[in-house]
Protein chains: 2
Amino acid sequence: MCLPWFKTHQASVPEADIRDAEAYEFVEHGETRPFVSESRPLEEVFPYEDGSTIDWLREEAAERERKRAIGMQRGLRGLLALLQDSVGMWLVIILTGLGIGVVGAWLDVLVKWLGDLREGRCTYGFFYNQVACCSGLDPGEVCREWQTWSKYLGIRSIFGQSLLQAAIYIALSIAFAGSSALLVKTYAPYAFHTGIPEIKAILSGYVLDAFLGPWVLLIKALGLALAVASGLSLGKEGPLVHVACCWSYLLSRLLRQFGQNEVRKRKLLAAAAAAGVSVAFGSPLGGVLFGLEELDAFFDDGDVMWRGFVTSVIAAVSLQYVDPFGTSKLVLFQVSESGSTWRAFELVPWIFLSVVGGLLGSLLIKLNTAVAVYRRHSILHDWPIVEVIGFTAITAAISYLVVFLRVQSSELVANLFLECDPSRGDYHGLCNPTATWANIFLLILTALAKIGFTAWTFGMMIPAGIFLPTIAIGACLGRAVGLITQAWYRAYPTAWIFSSCPPDPTVRCISPGFYAVIGASAMLGGVTRMTISLVVILFELTGALSHVLPIMISVMVSKWVADAFGKDGIYSTWIAMRQYPWLPAREFRDKGQTAAHVMKAASNLVVIHDDGQGCTIRELDELIKRHAYHGFPVVYGDQLLGFVLRDKLRACIESLLAEDSNVDRRCTFVPPGRGSGDSSISNLSSLLEEAVLQLRKDVPLELVVNMFQKLNLRHILFSEGGKLTGMVTKTDIVWLLTAQAPHAGALAEKPF
Amino acid sequence: MCLPWFKTHQASVPEADIRDAEAYEFVEHGETRPFVSESRPLEEVFPYEDGSTIDWLREEAAERERKRAIGMQRGLRGLLALLQDSVGMWLVIILTGLGIGVVGAWLDVLVKWLGDLREGRCTYGFFYNQVACCSGLDPGEVCREWQTWSKYLGIRSIFGQSLLQAAIYIALSIAFAGSSALLVKTYAPYAFHTGIPEIKAILSGYVLDAFLGPWVLLIKALGLALAVASGLSLGKEGPLVHVACCWSYLLSRLLRQFGQNEVRKRKLLAAAAAAGVSVAFGSPLGGVLFGLEELDAFFDDGDVMWRGFVTSVIAAVSLQYVDPFGTSKLVLFQVSESGSTWRAFELVPWIFLSVVGGLLGSLLIKLNTAVAVYRRHSILHDWPIVEVIGFTAITAAISYLVVFLRVQSSELVANLFLECDPSRGDYHGLCNPTATWANIFLLILTALAKIGFTAWTFGMMIPAGIFLPTIAIGACLGRAVGLITQAWYRAYPTAWIFSSCPPDPTVRCISPGFYAVIGASAMLGGVTRMTISLVVILFELTGALSHVLPIMISVMVSKWVADAFGKDGIYSTWIAMRQYPWLPAREFRDKGQTAAHVMKAASNLVVIHDDGQGCTIRELDELIKRHAYHGFPVVYGDQLLGFVLRDKLRACIESLLAEDSNVDRRCTFVPPGRGSGDSSISNLSSLLEEAVLQLRKDVPLELVVNMFQKLNLRHILFSEGGKLTGMVTKTDIVWLLTAQAPHAGALAEKPF
């Protein structure tokens with residue numbers, strides 16, 4: 001008798017009832033593939049469906065098989081195959097790096113040109129941006145080749161000029177953002193947002209191939225340029241990481257070795273993500289560390305980190321070679337090193353900034369999640385393009401009024417990081433010593449407006465990164481605090497707190513530009529909760545090596561403060577909201593619970609019960625059709641035999657039916673020699689998973705979580721004396737770790 | 001009937017016969033401790049003996065218990081306990097950082113003074129070093145306060161002067177090195193060598209508390225200063241990491257929470273090691289990355305990395321605050337940023353340098369191991385102090401003849417990294433344009449001599465690091481290649497290869513100082529095989545941010561080349577030679593083997609066989625006395641019950657005997673309810689390990705290795721249908737991974 005136990009799907013833990021337990025491990029309408037050989041099932045390719053979670057053990061076993069097959073070829077042919085394998089891998093890595101560097105560089109050029117187009121054009125060529133148009137002038141000479149639209153169109157009246165400029169500025173902003181949203185909505189909905197939460201989930205084993213397709217690559221790159229140029233409060237950094245991953249995924253399809261193996265694919269994606277950050281910030285080391293810290297992508301594996309390192313370097317070299325802005329420097333926002341020593345008393349304003357950064361970072365996350373949840377349940381959900389156009393109109397109209405909001409964020413940040421220097425000019429009045437308080441007011445206003453804009457923008461139907469807006473907010477605040485400190489010093493140069501400054505007050509003692517860097521690092525610390533990678537990115541971004549200690553301290557303090565209001569950074573928050581099967585790497589401490597706390601007991605599992613006489617094909621077929629779990633435990637008597645994957649079982653049944661359509665034919669999972677030995681029964685024991693982990697249900701929950709985190713498992717079976725007692729899947733653990741996050745699962749249904 | 005199966009200790013794998021299988025898991029003459037409570041055995045403290053390997057699962061379970069106990073205290077008392085726990089931890093971390101910064105700074109001062117003493121003294125105070133003695137002079141003024149010994153003693157004849165100088169130089173070198181060796185040999189043999197291999201092993205779970213004692217701290221710090229000052233070819237970097245770990249270990253004893261838990265202790269040590277590197281190189285980020293990459297110390301755990309980061313920052317801040325050299329800079333070997341662009345053609349000499357660095361690095365490792373093995377089996381093994389004195393005499397005598405060898409390595413490196421600049425003076429003739437070829441010859445000679453010196457010195461009975469000598473070797477070679485390139489450019493300024501240089505040959509195009517940096521990074525890459533941490537350390541060390549790409553490329557190439565001659569860096573090589581139970585983090589690929597390949601079959605294991613009637617105490621006592629394994633599997637009928645640790649079992653038996661000296665009393669491991677229920681039989685089931693991993697023996701070997709690497713296990717039991725089939729210990733896996741290393745185990749017996 002072989003009757004699958006059809007039990008109600010009722011978990012042993014109350015919380016488990018609430019959720020759609022294995023939502024993303026469901027398999028729907030998968031294509032069927034012929035089952036070729038029973039003897040070496042591991043070599044068969046059973047592609048995963050989007051939405052499932054890969055089985056690392058199975059993939060690594062497959063990779064092992066592949067390597068062994070190559071290694072077993074003899075003589076010259078074997079050597080060549082080995083060489084081809086290795087060369088192919090490195091070729092993809094090098095091409096990934098090169099491609100990302102070039103894409104990053106041309107995106108920069110496109111964005112600069114589109115952005116400048118909102119204000120005017122180059123008289124001698126439409127396709128020159130302002131800097132390129134005005135290059136080749138002597139210092140001090142006024143650039144006449146770049147003209148604002150009103151001047152170019154010959155408007156004389158000042159009112160007409162202002163009106164026309166504002167109208168073109170707002171209209172082009174709307175046009176850019178609207179077409180970006182239209183492209184994304186129509187051709188590649190996956191291209192919206194930053195992409196980093198999805199990449200984190202994919203790297204940890206989630207399957208979402210549609211997220212990495214060539215259309216997504218194209219639309220994300222184009223849409224990103226349009227979105228950034230529209231002046232919305234967003235950055236290109238996160239989306240560039242997504243673009244990099246799409247690019248490497250495209251390249252990986254050229255090579256069979258990647259196409260067949262999900263783990264190899266992920267290792268390549270990790271390297272590509274590092275290269276994406278490397279290009280986004282001009283920060284090759286930061287890229288590697290970002291991969292390590294935020295993406296948790298290197299799987300304890302020196303080789304993968306090494307490849308990420310190589311890809312990062314190549315991407316940075318090719319970016320520097322293309323040199324989009326003709327500076328031949330990787331450092332994007334160079335700080336002035338002139339006032340290169342800092343004084344102990346400056347730690348007071350810096351720590352104040354760090355605390356504020358932590359608070360505002362935490363606030364930004366909360367606002368952003370609130371907006372995302374509101375958007376989901378309001379009418380905006382059905383009109384994403386209208387939302388983008390409307391919000392762009394608001395942003396552009398308000399931004400046009402405030403000079404620091406009007407310019408592109410990257411230009412703003414670059415100028416806020418620089419010290420005032422008479423030879424460099426007076427950046428929009430920022431360096432006007434008589435307008436200090438007006439500037440402080442404007443900077444704080446800009447920061448507050450940007451917080452609002454960013455909270456809304458990050459999550460609209462356009463590609464949008466959160467790094468640059470966060471830096472800009474922090475830089476505005478930091479510069480404001482710097483100006484206040486400077487003003488105070490100028491008013492009371494002899495106060496005891498300034499005693500470490502040079503006695504001559506005309507010598508610079510306070511460097512407000514560096515306060516902006518501190519503000520940016522504090523804000524980033526609060527929003528992303530990254531630590532080391534953030535510090536490295538910041539000092540590769542600014543070149544402020546001599547000031548690395550204050551940057552570190554500000555990141556530290558800001559993270560401490562922000563952590564008091566919730567442990568999750570912006571990316572983890574989005575992962576929890578969208579409920580991707582991603583396990584936070586942080587240490588989990590149980591409160592004395594054992595695995596039994598999350599385990600689904602055997603009596604509630606759908607189990608294939610084999611008594612040695614086998615089940616009929618009809619029974620198995622019904623089982624597969626009725627239940628969408630990714631696999632089933634198989635039991636013989638009261639002994640656990642193993643675990644069979646649904647895909648494998650289905651393929652096998654189909655191949656058996658193709659041979660012989662008798663649905664009453666029997667098949668057994670009991671290994672030959674242990675079962676009845678009846679030769680009329682087909683033996684399916686080779687379908688059973690080779691490497692099934694079995695634990696006892698009284699192991700500490702902590703250990704179970706730890707094993708899922710470190711070994712990247714999809715499920716663990718529990719047994720006692722060989723008898724199945726229950727099962728825990730990755731879903732259960734993800735739920736355990738993320739359920740208490742606010743708005744967990746709020747955006748979980750497929751939004752597209 | 002309960003008879004332990006006394007089987008011959010014969011492993012199933014042939015290689016296993018060769019080795020002393022569980023040498024470092026032996027437990028010898030341990031003190032006995034009373035067994036207090038059977039009901040909560042996890043809370044009992046069973047300190048590990050030196051030489052054993054900790055059980056991470058057990059330690060983490062204990063930590064969980066401790067946290068839970070604190071969390072369960074109610075009201076204000078509970079809150080205070082929680083606060084005290086957290087404050088205590090951070091206090092130790094902050095004190096660790098502060099202490100290491102101060103110790104590092106004062107070591108620098110001591111070394112500088114002792115080193116200068118070999119050449120002369122300050123006329124107005126014996127305890128001033130040359131720089132301090134000559135401070136306060138106007139630029140260009142000659143320092144008359146610092147006098148060489150011959151001048152101070154009023155020797156007139158030039159021959160007499162030279163003789164006296166050389167004699168004092170050599171005599172003081174011998175005195176310093178000899179007293180260092182005497183101190184180490186007499187008071188703290190563990191203070192010899194770099195200490196990093198041991199720290200790697202300790203962080204991965206090896207127990208060697210004697211290595212971290214207060215005497216080791218004192219002797220290592222003092223001996224290190226003497227050894228560095230003696231002019232031997234060694235550096236302070238590695239030993240400083242050891243000193244940092246000793247210091248944090250001393251602090252951790254102040255707090256009960258650390259003392260009781262080996263895992264917590266290790267997390268603190270990891271942070272201290274990062275701080276050690278931070279201080280050694282003035283490189284706070286490099287310290288964190290070193291912890292991550294080389295020590296593999298952060299256990300996938302963001303919290304530990306974060307603590308390492310904080311400790312590193314605090315150490316660097318306190319070093320900068322103490323400011324031993326009055327430069328108020330963290331950057332030790334500042335490069336000139338004047339020639340800050342590099343040209344593509346320079347990649348040719350740089351890649352040549354990288355290849356040479358990789359080759360020489362590999363050669364240095366091979367020479368060093370050969371010397372170490374030779375030393376072990378020669379008469380030198382019995383006369384370590386004589387060896388140190390003799391080799392110091394040779395080193396000092398040869399060094400005195402060559403100007404670049406005579407100066408302290410750190411001074412040499414600092415000067416080699418700088419560009420020639422007329423205002424800075426002509427460093428020992430290095431900047432003399434007419435002596436280019438002589439300088440090139442001298443530099444190469446210095447490099448070769450230093451390779452020989454270093455290969456011998458690293459492993460003598462004195463504290464010795466390998467970082468600085470490696471940097472010095474690489475810098476000499478790099479500078480030589482730079483000088484050659486520069487000479488070539490000066491000879492043929494119009495050659496096509498130099499077309500990217502400015503047309504005016506008086507403008508500097510080649511920066512030999514930066515070639516020295518490249519040489520140093522290539523050499524370090526070859527010796528240590530680190531990648532990212534090395535790049536970060538190098539550019540924090542030199543401030544050469546704009547040149548980070550060439551540094552990365554050189555590290556890459558050098559590692560590739562060196563890896564062709566063996567995958568292990570110098571530290572892994574020493575670990576393999578000394579056979580510490582340390583698992584390399586690198587990916588292991590089996591050739592299709594399963595766990596059965598390394599598993600010791602059940603028939604060869606010493607198993608406690610319990611049939612429910614229990615064993616007598618006499619039988620158990622005999623078992624413990626006869627076998628030194630760290631624990632025994634317990635079997636009931638043919639079902640595996642669990643695993644009992646030797647220490648626990650012994651403590652329990654002793655406490656039972658203390659109650660009642662009847663050695664024929666029976667005790668059983670079968671849980672109450674499953675066994676015979678005879679109340680006269682003592683139930684020991686609570687002694688069984690709570691979290692026993694059971695696998696099937698046909699899981700891939702790769703997975704088993706992976707689990708040991710990632711979960712830090714001490715053993716895995718294998719079972720089939722509840723029946724014990726075998727066991728694999730960490731030792732087996734360490735042997736599997738390191739057996740093929742050359743000279744594996746060559747220094748394995750305890751050398752002290």
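We name chains A, B, ... by the order of the sequence lines, and we start the count at 1 in each one.
The side-chain heavy atoms of L289(B) and L289(A), taken from C-beta on, include a pair separated by under 4.5 Å.
Atom CD1 in I314(A) sits 11.0 Å away from atom CE in M552(B) (nearest 0.5 Å).
By the side-chain contact (heavy atoms from CB on, under 4.5 Å) test, S318(B) pairs with L98(B), sequence neighbours left out.
For the set V310(B), V535(B), V536(B), I532(B), the entry with the most heavy-atom pairs within less than 4.5 Å of chain A is I532(B).
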